[in-house]
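Everything on this sheet refers to the single structure shown next.
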Amino acid sequence: MPELPEVEVVRAGLAPAVIGARVVAVTAHDARALTRHDGDSAAFEAALTGRTFEAAARRGKFLWLPLRDFATTPQALIAHLGMSGQFLLRPGGAPIERHERIRIDIAHPAHGEVAIVFSDQRTFGSLALDALVPTMDGAPGGWGTDAAVTPSQVAHIARDPLDAAFSDTRTIAAMRAKRSAVKRVLLDQAVVSGVGNIYADEALWAARIHPETAASALSPEVAARLLDEVRAVLNRALAEGGTSFDAQYVNVNGQAGYFAHSLNAYGRAGEPCHRCGTPIRRIVIGGRSSHFCPRCQRKR
DNA sequence: CCCATCCCCTGTATGC
DNA sequence: TGCATACAGGGGATGG
């Protein structure tokens, strides 16, 4: 479940099940789900078995579960869901899922035996064990953790707009330093994280900005308004459990979110704009489809 | 730095 | 009906 709201739904679902739980067994069915891991499947299984999860954290679209220290370098199990990754919580011994890639059997002091199933149709998602490194700004690494660390693979990812330590001022400056189309800049996880193709289109529609506008051409005020709309749409989607078009995008219990009903631009090519009735247009920017209202979102 | 292109995969919808 | 093609919410690598 790719974008921030969907990933946060997963993080929040995992947290109560995994915090304080000990890994009893790990089964990596498919090595493609370990492309981020430095080592083979056997090494991953061995390194994770016996460890205890201490938290469930997230920054942007990255998730990580910090592991209780073994008096070595602090580590976390890191996950990126890619396009179609899912974490499903199942009873211990539950049958294998259709696109199951990795299974982590845990024992929780209160909930007993649970299987964490990482399932992924398109295999762009992956898990890894990664070292935790200090954050640049000394603030907590992300949602769900007080520790000022992130996995090394997350160090280059900007804070997301729902992060308490997110800086509007710095993000606006970073956006305006780019001459690329604002749509591309919203998708650049090193500038602002957590925004994907759906919510970029929705925020631009709400802010009435044409997606091909150069980010550098936005005034500080307009950039600030765009950022406010990004935050607003992420919060609304989160409140509705995320956006689900099909069975790929579900929470840890396999349930879909409701935000698809609230979309104003994404996937609505040819349908009337909810503000002015003009048909929504679809163009390609940076190889990704972009949906906008040609009347409300003028290029200036 | 910026940009376009390609890659990793599987499944579904669409057009011929 | 079969077959080819386009497209899908991600990110990273590469070459110009």
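For the numbers below, each heavy atom of this structure counts, side chains included, while hydrogens, waters and symmetry mates do not.
- For dT10(B), neither phosphate oxygen OP1 nor OP2 lies less than 4.0 angstrom from any side-chain nitrogen or oxygen of Arg98(A).
- The separation between Phe124(A) atom CZ and dG11(C) atom C1' is 9 Å, rounded to whole Å.
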Going by atom type alone, with no hydrogens or angles, which donor-acceptor pairs under 3.5 Å involve a side-chain atom of residues 8-19 of chain A and a protein atom two or more places apart or on another chain?
unit_1, atom_1, unit_2, atom_2, d
Glu8(A), OE1, Arg11(A), NE, 3.0
Glu8(A), OE1, Arg58(A), NE, 2.7
Glu8(A), OE1, Arg58(A), NH2, 3.3
Glu8(A), OE2, Arg11(A), NE, 3.1
Glu8(A), OE2, Arg11(A), NH2, 2.9
Arg11(A), NH1, Ala56(A), O, 2.9

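- Distance Leu238(A) CG to dG9(C) C1': 16 Å, rounded to the nearest Å.
- A sub-4.0 Å separation between OP1 or OP2 of dC2(B) and a side-chain N or O of Arg184(A) is absent.
- In terms of phosphate contacts, His99(A) brings no side-chain nitrogen or oxygen within less than 4.0 Å of OP1 or OP2 of dT10(B).
- Nearer to the 5' terminus of DNA chain C, by closest-nucleotide assignment, is the contact made by Arg122(A) (compared with the other of Arg122(A) and His156(A)).
- Between the C1' atom of dA8(C) and the CG atom of Asp201(A) lies a distance of 14 Å, rounded to the nearest Å.
- Both tests do not hold together for Arg59(A) against Trp64(A): distance to the six-membered ring centre under 6.0 Å, angle to the ring axis within 45°.
- At a threshold of 4.0 angstrom between heavy atoms, the contacts of Ser289(A) are confined to the sugar-phosphate backbone, with no base atom among them.
- Within the structure, a side-chain polar atom (N or O) of Tyr266(A) is placed less than 4.0 Å from OP1 or OP2 of dG9(C).
- The CE atom of Met175(A) sits 17 Å away from the C1' atom of dC2(B) (whole-angstrom rounding).
- For the P atom pair drawn from dT1(C) and dT10(B), the interatomic distance equals 25 Å after rounding to whole Å.
- Both distances falling under 3.5 Å, in either a Watson-Crick or a G-U wobble arrangement, place dC7(B) opposite dG11(C).
- Atom P of nucleotide dA13(C) and atom CD of Gln189(A) are separated by 15 Å, given to the nearest angstrom.
- Rounded to whole Å, the separation between the P atoms of dC9(B) and dC3(C) comes to 25 Å.
- Annotation: the span from Ser152(A) atom OG to Asp130(A) atom CG amounts to 3.5 Å, rounded to 0.5 Å.
- Using atom P as the reference point in both dT14(B) and dG9(C), the two lie 16 Å apart (nearest Å).
- Judged purely by distance below 3.5 Å, without hydrogens or angles, the side chains of Gln75(A) and Arg51(A) pair a donor atom with an acceptor atom.
- Distance CD (Gln121(A)) to P (dC9(B)): 14 Å, rounded to an integer number of Å.
- Within 4.0 Å (heavy atoms only), Ala177(A) reaches sugar-phosphate atoms of the nucleic acid but no base atom.
- Distance CZ (Arg179(A)) to C1' (dC1(B)): 8 Å, rounded to an integer number of Å.
- Note: CG (Asn197(A)) to C1' (dG9(C)) measures 7 Å, nearest angstrom.
- A donor-acceptor pair is defined here as one N or O able to donate and one able to accept, closer than 3.5 Å; such a pair exists between the side chain of Arg225(A) and the backbone of Ala207(A).
- OP1 or OP2 of dC2(B) lies within a sub-4.0 Å distance of a side-chain N or O belonging to Lys178(A).
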